[in-house]
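Protein chains get the first letters and strands the later ones, always in sequence-line order, with residue 1 at the start of each.
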Amino acid sequence: AQTVTQSQPEMSVQEAETVTLSCTYDTSESDYYLFWYKQPPSRQMILVIRQEAYKQQNATENRFSVNFQKAAKSFSLKISDSQLGDAAMYFCAYRSTTSGTYKYIFGTGTRLKVLA
Amino acid sequence: KAGVTQTPRYLIKTRGQQVTLSCSPISGHRSVSWYQQTPGQGLQFLFEYFSETQRNKGNFPGRFSGRQFSNSRSEMNVSTLELGDSALYLCASSLNRGLNEQYFGPGTRLTVT
């Protein structure tokens, strides 16, 4: 069974600085998707970035980028030029591409605090 | 398009009672998944519905059940509530199964006393 581990329950970053959130996963599959979701205090979960396992190039969305290391089963999120609005819970998620097993598996989350 | 809506937003129930939560997906979305979120366990997958059929189920007891209607709206039911069922219940919809992105609703906060 697949597992997702986020070893940092809480992180802090100074406004305008860069922070990296860690995520590791375990799977025997070769093809899958990885995601980072953000859950602000208002509770609406939104997708930050996604990575297809078959793509070697790391995904980037504006100030958000990932470092995907498939062999090491590592998927970290880098937030550059941190803003106060980035403060939220961040969840790493894995999704199989095997037909019939599309459910997501989430990590336990990292709470990011942004200091003014 | 309107986002995923969940009703009610907050609910207080007594141990032993049952509860029904509702989720309306984004218009056109046919897949609906349910998750339980607690501080200790994070997000745990409950089940997924597509075309009115349950396609996937997580590791939850049979007290947790759900259904999906022909308009893709979904309900989940929890019978014989226990204190440990207190959680935020999130619904997420996607266009189809498989590779489509999930869009989450705001959740229903259930408190069992």
- prompt: Would you say the side chain of B/Q37 lies within less than 4.5 Å of the side chain of A/F106, judging by non-hydrogen atoms?
  reply: no
statement: Looking only at B/G42, B/G107, B/G105, the option with the highest number of non-hydrogen pairs under 4.5 Å against chain A is B/G105
Contact summary for A/Y104 and B/Q102, nearest pair of heavy atoms: CE1-CD, 3.1 Å
query: A/Q39 versus chain B, heavy atoms under 4.5 Å apart: side chain, backbone, both or neither?
result: side chain
message: Can you confirm whether A/E10 is buried at CD, in the sense that more than 12 heavy atoms of other residues, nucleotides or ligands lie under 6.0 Å from that atom?
response: yes
query: How about B/R15: does its CZ atom have over 12 heavy atoms from other parts shown lying under 6.0 Å from it?
result: no
query: Considering only heavy atoms, which portion of B/Y35 lies under 4.5 Å from any heavy atom of chain A: side chain, backbone, both, or neither?
result: side chain
field: Nearest heavy atoms of B/E101 and A/L47, plus distance in Å
entry: CD-CD2, 3.2 Å
message: Are B/L46 and B/L43 linked, directly or through intermediate hydrophobic residues, by side-chain heavy-atom contacts shorter than 4.5 Å (ILVMFWY only)?
response: no
query: Cluster question for you: counting only ILVMFWY and a side-chain heavy-atom cut-off of under 4.5 Å, with indirect links fine, are A/F91 and A/V19 together?
result: no
message: Taking CG in B/N71 as the centre, count heavy atoms belonging to other residues, nucleotides or ligands within less than 6.0 Å. Is the count above 12?
response: yes
